[in-house]
Trainee: 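Quick one: the structure is below, questions incoming.
What you see is a predicted model, and the numbers here were worked out from it, not measured in a lab.
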Amino acid sequence: MLDVRRLRLLRELAHLGTIAAVADSLSFSPSAVSQQLSALEREAGVALLERSGRRVALTPAGKNLVRHAEAVLERLEQAGAELAHARRGLAGPLRIGTYPSAARAIIPAALAELAGRHPGLVPMVTEVDPAGVAAALRAGELDVALVHEYDLVPAEPEPGLAVTAPLFTEPMYLAALAPGGLAEHRDAPWIMAPLGTLCHTMAQRACAAAGFTPQVRHWIDDFTTVLALVAAGQGVALVPHLGVTAGAHPGVTLTRLPMYRRTRTAFRAGAGAHPAVAAFIAALHTAVPAGLGTRSA
């Protein structure tokens with residue numbers, strides 16, 4: 001019989017690429033991960049990994065087993081959801097991931113709605129960049145998360161995860177001291193999110209589409225700080241609607257662009273029917289600020 005916990009390790013290796021990354025994601029030591037994968041190979045009776053020095057790759061049999069592991073783990077999530085429905089009332093922790101501007105503008109009202117309807121639930125919120133959500137969900141660190149995508153950075157399907165239709169859609173703005181589009185600010189210093197974030201990729205691609213490479217002066221991942229720096233004459237930046245509603249910044253001109261950011265909820269495949277996940281998603285719908293639609297991709 002194949003051990004489900006070891007199947008999960010193999011699935012994570014397929015997604016993350018290295019034993020060290022799997023160990024970091026699941027809070028194991030690399031040697032423990034290697035030992036468990038070796039035990040899985042013994043259970044399977046065939047080679048699942050090809051080792052070359054410190055590198056490992058999945059064999060065809062390993063890749064095929066990962067496909068079955070995805071189906072097994074999804075069915076286990078479905079079973080957990082059915083068992084939760086059989087209990088009386090919702091109770092216990094619900095681990096929620098969110099990006100910062102939604103944490104400020106959406107999450108508090110959603111949690112208030114959730115508490116009113118399901119006082120036994122204990123929501124636990126963690127800020128996490130959407131780029132890190134998939135690993136956190138698969139590792140069981142989160143149960144549900146808010147994720148976003150941009151027109152220029154569409155979300156790629158993540159094996160083992162499911163996402164809802166857009167919860168809401170925001171327009172994007174160019175924040176500067178003078179009006180104008182992207183091309184008019186090609187020579188200005190830019191304020192961007194750190195490398196590796198979706199916001200950074202979006203801004204780089206937007207500037208490339210306008211025909212220039214931005215000269216980045218500041219690397220900031222908080223839109224309130226970004227706008228304060230724009231107001232101080234430190235550069236220009238791209239900011240979504242939720243990012244410009246945090247407070248007034250005198251002197252900053254916001255030019256609306258033909259670009260959008262969409263927010264969805266994500267969870268492990270099979271967990272969408274879990275009553276706690278469904279209750280949180282329902283609460284989110286009541287908390288969306290007026291005026292934010294669900295413009296499709």
Trainee: Any luck finding a side-chain donor-acceptor pair between T201 and Y150 under 3.5 Å?
Mentor: no
Trainee: Surrounding CD of Q215 (heavy atoms of other residues, nucleotides or ligands, distance under 6.0 Å), is the total greater than 12?
Mentor: no
Trainee: Before accepting this row, confirm whether a basic side-chain N of the pair E149/R264 lies closer than 4.0 Å to the acidic partner's carboxylate O.
Mentor: yes
Trainee: Quick one: sort the W190 and F212 rings into parallel, tilted or perpendicular, breaks at 30° and 60°.
Mentor: tilted
Trainee: For V230 and L177, which heavy atoms make the closest approach, and how far apart are they?
Mentor: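 Smallest heavy-atom distance, with atoms named: O-CD2, 3.4 Å.
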Trainee: Let me see the working for R262 and E170 under salt bridge (Lys or Arg N to Asp or Glu O under 4.0 Å), right down to the final yes or no.
Mentor: CA-CA 6 Å; R262 289 174 296 282; E170 307 165 71; over 6 Å; no
Trainee: Identify the two heavy atoms, one from L10 and one from G62, that lie closest to each other, and give their separation to 0.1 Å.
Mentor: CD2-O, 3.9 Å
Trainee: Closer than 4.0 angstrom, basic N to acidic O: yes or no for R51 and E41?
Mentor: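 So R51 pairs with E41 through a salt bridge.
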Trainee: Roughly how far, to the nearest 0.5 Å, is the CZ atom of R42 from the CG atom of L48?
Mentor: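 If we round to the nearest 0.5 Å, L48:CG and R42:CZ are 11.5 Å apart.
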Trainee: Measure the CG-CG distance between L65 and L40 for me, rounded to the nearest 0.5 Å.
Mentor: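 Nearest 0.5 Å value for the CG-CG distance: 6.0 Å.
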Trainee: Do the side chain of T263 and the main chain of F168 share a donor and acceptor less than 3.5 angstrom apart?
Mentor: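 A pair under 3.5 Å: no.
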Trainee: Under 4.5 Å between any side-chain heavy atoms of V4 and L73, yes or no?
Mentor: yes
Trainee: From H241 NE2 over to T169 OG1, what is the distance, rounded to the nearest 0.5 angstrom?
Mentor: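 With rounding to 0.5 Å, NE2 (H241) is 12.0 Å from OG1 (T169).
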Trainee: What heavy-atom pair brings L195 and H200 nearest, and what distance separates the two atoms?
Mentor: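 The answer is CD2-NE2, 3.1 Å.
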Trainee: How far apart are the closest heavy atoms of A47 and T59, and which atoms are they?
Mentor: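 A47 and T59 have their closest heavy atoms at O-OG1, 2.8 Å.
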Trainee: Hey, are H218 and Q234 close enough side-chain-wise for a donor-acceptor pair under 3.5 Å?
Mentor: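 Yes.
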Trainee: Locate the shortest heavy-atom distance separating R261 from M172; write the atom from each residue and the value.
Mentor: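 The answer is CB-SD, 4.2 Å.
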Trainee: Might you point out which heavy atoms bring R186 and G211 nearest each other, and give the distance in Å?
Mentor: NH2-O, 2.9 Å
Trainee: Does R268 pair with E74 as a salt bridge, N-O distance under 4.0 Å?
Mentor: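 Looking at R268 and E74, the cut-off is not met.
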Trainee: How long is the straight-line distance from CG of L167 back to CD1 of I106, given to the nearest 0.5 Å?
Mentor: 7.0 Å
Trainee: Atom CZ in R95, atom CG in L142: separation rounded to 0.5 Å?
Mentor: 7.5 Å
Trainee: Once you round to the nearest 0.5 Å, how far does CG of L238 lie from CE of M202?
Mentor: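 Taking CG in L238 and CE in M202, the distance rounds to 5.0 Å.
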